[in-house]
Amino acid sequence: IHVVDVVAPSVSGKALTTGNSTMLTEADLLKQLTYSDNYYNKANLNVEFEYDDYKANYKKPGNYQVTAKVTDPSGNIGQTTFVVTVKDTTNPVISGTNKTTGNSACLSQAQLKALFTATDDVTTSPTITIVSDNYTANYKKPGNYQVIAKATDAAGNTAQATVTITVTDTTAPTISAINAVVSQSYTTKLTDAQLKALFTATDDVTASPTLAITSDTYTAIFPFVSSL
């Protein structure tokens, strides 16, 4: 009597959920299998992944079937199929561009967001939000201010980036005349200091703007007039 092994190995697979940041190896997939044979020990069984829908799609969230085939030395084959569920666990990528701007007007929130760009393996356009803004409250003051933005993909994964906004003083001072008409003896000439004293100037940044006389018809015709 010749006894032949015709019983296929027993094999079953357990479903697995994983992230999409790295691809599972065959060793990882093998851990999901339970298999044995009625005659041969486990070390003599050959395991192959015959159909693997997962490898080509490991970055894409979804459900993928993996089929495992177990063969014993007699050529008997047992197989099973299990599901690998891929979830988006990869953070988006966000970067920003520094900006230099004047202090006459404040950049809007939309303009601040536009300093950042974000990409993601799954979400086409990650949402960008400003999470820290040292610029807006200080836009009139020359200096360097940091703005931090966060990119969020559809799965809730996030990443942050920081830009520096350099504010420069581009706002002209305000100047006004104290009195447009000044009476003065035609024999006594007003000095440059007295002429400057006829004006007041203020500025958002400079405490005491420098005054300079840029046009003076009074001095040119003195002493032939008695008033301006």
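In this structure, the side chains of D72 and Y39 stay at 4.5 Å or more apart for every pair of heavy atoms. Two residues are said to be in side-chain contact when any heavy atoms from C-beta on lie closer than 4.5 Å; D52 and L29 meet this criterion. Here the side chains of V122 and P61 are in contact, with some heavy-atom distance below 4.5 Å. For the pair V147/F116, a side-chain contact is recorded, criterion being any heavy-atom separation below 4.5 Å from C-beta on. Side-chain atoms of N98 and T166, non-hydrogen and from C-beta on, never get closer than 4.5 Å to each other. Contact check for K87 versus T17: side-chain heavy atoms found under the 4.5 Å cut-off. N38 has its side chain within reach of D5: a pair of non-hydrogen atoms, C-beta onward, lies under 4.5 Å apart. Side-chain contact check for V86 versus K60: every heavy-atom pair is 4.5 Å or farther apart.
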Exercise. Start with the C-alpha gap between Q32 and V66, add the side-chain angles, then the distance that decides, and say whether side-chain contact (heavy atoms from CB on, under 4.5 Å) holds.
Key: CA-CA 10 Å; Q32 301 306 114; V66 175; over 6 Å; no

Practice problem: Please test D192 against T219 for side-chain contact (heavy atoms from CB on, under 4.5 Å), starting from the C-alpha separation and ending with a verdict. | Solution: CA-CA 9 Å; D192 186 67; T219 300; over 6 Å; no

Practice problem: Determine, step by step, whether E26 and K55 satisfy the side-chain contact (heavy atoms from CB on, under 4.5 Å) criterion, reporting the C-alpha distance in whole Å, the side-chain angles of both residues, the deciding distance to 0.1 Å, and the verdict. | Solution: CA-CA 10 Å; E26 285 198 359; K55 283 185 179 179; 3.4 Å; yes

Quiz item: Under the side-chain contact (heavy atoms from CB on, under 4.5 Å) criterion, do T136 and Q109 qualify, and how do the steps go?
Solution: CA-CA 9 Å; T136 299; Q109 289 294 294; 3.9 Å; yes

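Defined by atom type and a distance below 3.5 Å, a donor-acceptor pair is present between the side-chain atoms of T200 and S176. The closest side-chain donor-acceptor pair between S104 and T171, if any, does not fall under 3.5 angstrom. Between the side chains of S74 and Y40, at least one donor N or O sits under 3.5 Å from an acceptor N or O. Side-chain polar atoms of T90 and N20 form a donor-acceptor pair below 3.5 angstrom.
Checking side-chain atoms of D53 against main-chain N and O of A56 turns up no donor-acceptor pair under 3.5 Å. A distance-only check finds a donor-acceptor pair linking the side chain of N103 to the backbone of T170 [under 3.5 Å]. When atom types are taken as modelled, the side chain of S132 and the backbone of I148 share no donor-acceptor pair closer than 3.5 angstrom.
Across all their heavy atoms, I178 and A197 have their closest contact at CD1-O, 3.0 Å. For P209 against A201, the heavy-atom pair with the smallest separation is CD-O, 3.7 Å. Heavy atoms only, all atoms of each residue included: P92 and A151 are closest at CG-O, 3.5 Å. Nearest heavy-atom pair, L190 versus Q194, reported as atom, atom and distance to 0.1 Å: CA-OE1, 3.3 Å. Considering all non-hydrogen atoms of both residues, V70 and P9 come closest at O-CG, 3.7 Å. For the pair T89 and S21, the tightest heavy-atom approach, listed with the atom from each and the gap, is OG1-N, 4.1 Å.
Side-chain heavy atoms closer than 4.5 Å link hydrophobic residues (I, L, V, M, F, W, Y) into clusters, and following such links, possibly through other members, connects L33 to L45. Taken together through direct or relayed side-chain contacts under 4.5 Å among Ile, Leu, Val, Met, Phe, Trp and Tyr, I77 and F49 form parts of separate hydrophobic clusters. Under the 4.5 Å side-chain heavy-atom criterion for ILVMFWY residues, no single connected hydrophobic cluster contains both Y64 and V83. Side-chain heavy atoms closer than 4.5 Å link hydrophobic residues (I, L, V, M, F, W, Y) into clusters, and following such links, even through other members, never connects V205 to Y135. Put simply, V84 and M23 are part of the same group of oily side chains (I, L, V, M, F, W, Y) that touch within less than 4.5 Å, one to the next.
At least one test fails for K14 against the ring of F82: distance under 6.0 Å to the centre or angle within 45° of the axis.
To the nearest 0.5 Å, the span separating OG1 on T214 from CG on D216 amounts to 9.5 Å. For the atom pair OG1 of T162 and CG of L115, the computed distance is 12.0 Å after rounding to the nearest 0.5 Å. In this structure, D88 CG and D120 CG are separated by 5.5 Å, a value rounded to the nearest 0.5 Å. Residue N138 holds its CG atom at 11.5 Å from CG of N144, rounded to the nearest 0.5 Å. Note that OG1 of T152 is 9.0 Å distant from CG of N157, once rounded to the nearest 0.5 Å. Annotation: the span from K150 atom NZ to N91 atom CG amounts to 11.5 Å, rounded to 0.5 Å.
For Q111, the CD atom is densely surrounded, since the number of other residues' heavy atoms within 6.0 Å is greater than 12.
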